[in-house]
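Remarks on the structure that follows.
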Amino acid sequence: MFITFEGIDGSGKSTQAALLAKWLSEEKGRDVVLTREPGGWPGGSVLREMVVGGSLRHKWSEAYLFMLDRAEHVASVIEPALDDGKDVVCERYHDSTLAYQVWGRGMPLDIFDELARLSSFPVPDLTILFDILPENALERVRSRGKLDSFESGGRSFMEKIREGYLSLSKRDPERWLVLECGSLSQEEIFRKMISSLSSRGILSDK
Ligand code: ADP
Ligand code: TYD
């Protein structure tokens, strides 16, 4: 099973991905790899620094780096794990490029759809969107400390990204699970996520 976690910065992806990976492993006895983009492969931390540091100048550099990061991540982490029959829980994946680079930066959607297809990036079995209002997420991000180049885009940038995610979820509703997080606690969101997954029948014991 390949599950991806999406949402604007500060929406709670890391928190819930860690909880789900632990639950799948401890409660369901599944072999789970928890990973993330950007930077989730050996060597990826350098690339992550370049891309979130905000010093790239060409309009396309950021997009190229995210696609390169994904290609190496797929080849060195995601595909080997799936081939071994493991579950992969991944924070951010190709939908982040669609939401941030296409809806956020105004780049063309068809090119990124085509690149993902030509690169044979595996399509997730399930993508969970943690949907939250930008002002609530930004408040959390600000209390985390220094903002990265994306977080500094502020509320109007995050509103575009959120709109992108909601459009993407409508384009492929079978793959997407949209969790409205509102002001729910971490525990409440986790319970909501598990009950939605169970009702879709995708979390059977191994
Ligand atoms: P993301 O990975 O989407 O950026 P995180 O999981 O890192 O989000 O969460 C961002 C911050 O918000 C963290 O400090 C985390 O502890 C906190 N947080 C996560 N979920 C909730 C929640 N449901 N309510 C309040 N704070 C939360
Ligand atoms: P990340 O550290 O996961 O952000 P957060 O934990 O705050 O949600 O990702 C760094 C930034 O990279 C984030 O603002 C989203 C952005 N990003 C893209 O713009 N395109 C992409 O394809 C990916 C994977 C991330």
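For ligands, and for the atoms within them, numbers begin at 1 and follow the listed sequence.
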Carboxylate-amine/guanidinium contact [X] [Y], below 4.0 Å:
| X | Y | answer |
| --- | --- | --- |
| Lys13 | Glu6 | no |
| Asp9 | Arg142 | no |
| Glu188 | Lys192 | no |
| Arg171 | Asp95 | no |

Check: Asp9 N/O within less than 3.5 Å of ligand 1 N/O:
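For ligand 1, there is no N or O atom that lies under 3.5 Å from one belonging to Asp9.
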
Ligand 1 and Ser14, any nitrogen or oxygen pair closer than 3.5 angstrom?
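There is such a contact, yes.
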
How far is [atom] from its nearest protein heavy atom, and which residue and atom name does that atom have?
| atom | value |
| --- | --- |
| atom 17 (N) of ligand 2 | Phe66 CZ, 3.3 Å |
| atom 22 (C) of ligand 1 | Arg140 NH2, 3.3 Å |
| atom 23 (N) of ligand 1 | Leu184 O, 2.9 Å |
| atom 11 (C) of ligand 2 | Phe150 CD1, 3.6 Å |
| atom 4 (O) of ligand 1 | Gly10 N, 2.9 Å |
| atom 22 (O) of ligand 2 | Thr97 OG1, 2.5 Å |

Once you restrict to heavy atoms under 4.0 Å, what part of Arg36 touches ligand 2? Side chain, backbone, both or neither.
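Side chain only.
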
Evaluate the side chain to side chain contact (heavy atoms under 4.5 Å, CB included) criterion for residues Leu47 and Trp41: first the C-alpha distance (whole Å), next the side-chain angles of each, then the deciding distance (0.1 Å), finally the verdict.
CA-CA 10 Å; Leu47 197 142; Trp41 51 283; 4.1 Å; yes

What class does the angle between the rings of Phe112 and Trp60 fall in, given that below 30° is parallel, 30 to 60° is tilted and above 60° is perpendicular?
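Geometry flag for Trp60 against Phe112: parallel rings.
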
Kindly identify the option in [options] whose heavy atom sits closest to [atom].
| atom | options | result |
| --- | --- | --- |
| atom 20 (N) of ligand 1 | Glu6, Gln186, Arg92 | Gln186 |
| atom 3 (O) of ligand 2 | Glu91, Arg144, Arg92, His94 | Arg92 |
| atom 7 (O) of ligand 1 | Glu187, Glu188, Arg144, Lys13 | Arg144 |

Can a non-hydrogen atom of Ser11 be found less than 4.0 Å from any atom of ligand 1?
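Flag set, Ser11 near ligand 1.
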
Is the contact between Val141 and ligand 1 made by the side chain, the backbone, both, or neither, using heavy atoms and a 4.0 Å cut-off?
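Within the 4.0 Å criterion, Val141 makes no contact with ligand 1.
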
What part of Cys181, side chain from CB on, backbone N/CA/C/O, both or neither, has a heavy atom under 4.0 Å from ligand 1?
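For Cys181, there is no contact with ligand 1 at all, from either part.
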
Distance filter under 4.0 Å to [X] heavy atoms, resulting ligand 2 atoms:
| X | answer |
| --- | --- |
| Arg70 | 22 (O), 24 (C) |
| Gln101 | 18 (C), 19 (O), 20 (N), 21 (C), 22 (O) |
| Val52 | 10 (C), 11 (C) |
| Ser96 | 20 (N), 21 (C), 22 (O), 23 (C), 24 (C) |

Can a side-chain donor-acceptor contact be found between Arg30 and Ser25 if the only test is distance below 3.5 angstrom?
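Ser25 vs Arg30: no donor-acceptor pair found between side chains.
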
Residue pair Glu62 / Gln101, side-chain donor-acceptor N/O under 3.5 Å
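On atom types as modelled, these side chains qualify, holding a pair under 3.5 Å.
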
Regarding ligand 2, does [X] bring an N or O atom to under 3.5 Å of one of the ligand's N or O atoms?
| X | result |
| --- | --- |
| Tyr100 | no |
| Lys13 | yes |
| Asp9 | yes |

Test ring pair (Phe, Tyr, Trp, His ring centres under 6.0 Å) applied to Tyr93 and Phe2, Phe5, Phe66, the passing residue:
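In the set Phe2, Phe5, Phe66, the residue that makes a ring pair (Phe, Tyr, Trp, His ring centres under 6.0 Å) with Tyr93 is Phe2.
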
Pull out every atom of ligand 1 sitting under 4.0 Å from any heavy atom of Ile189, numbered as shown with elements.
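Result: 23 (N).
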
Give the atoms of ligand 1, by number and element, whose distance to some non-hydrogen atom of Ser185 is under 4.0 Å.
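Per the distance check, 23 (N).
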
Are any of the heavy atoms in Arg48 under 4.0 Å away from ligand 2?
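The answer is yes, since Arg48 has a heavy atom less than 4.0 Å from ligand 2.
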
If you measure from each heavy atom of Pro38 to ligand 2, is any distance below 4.0 Å?
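Contact check Pro38 vs ligand 2: positive.
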
Shortest non-hydrogen contact from His94 to Ala116?
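Shortest heavy-atom contact: NE2-CB, 3.4 Å.
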
Chi angles and distances behind the salt bridge (Lys or Arg N to Asp or Glu O under 4.0 Å) call for Arg162, Asp131
CA-CA 8 Å; Arg162 178 173 180 237; Asp131 188 38; 2.7 Å; yes

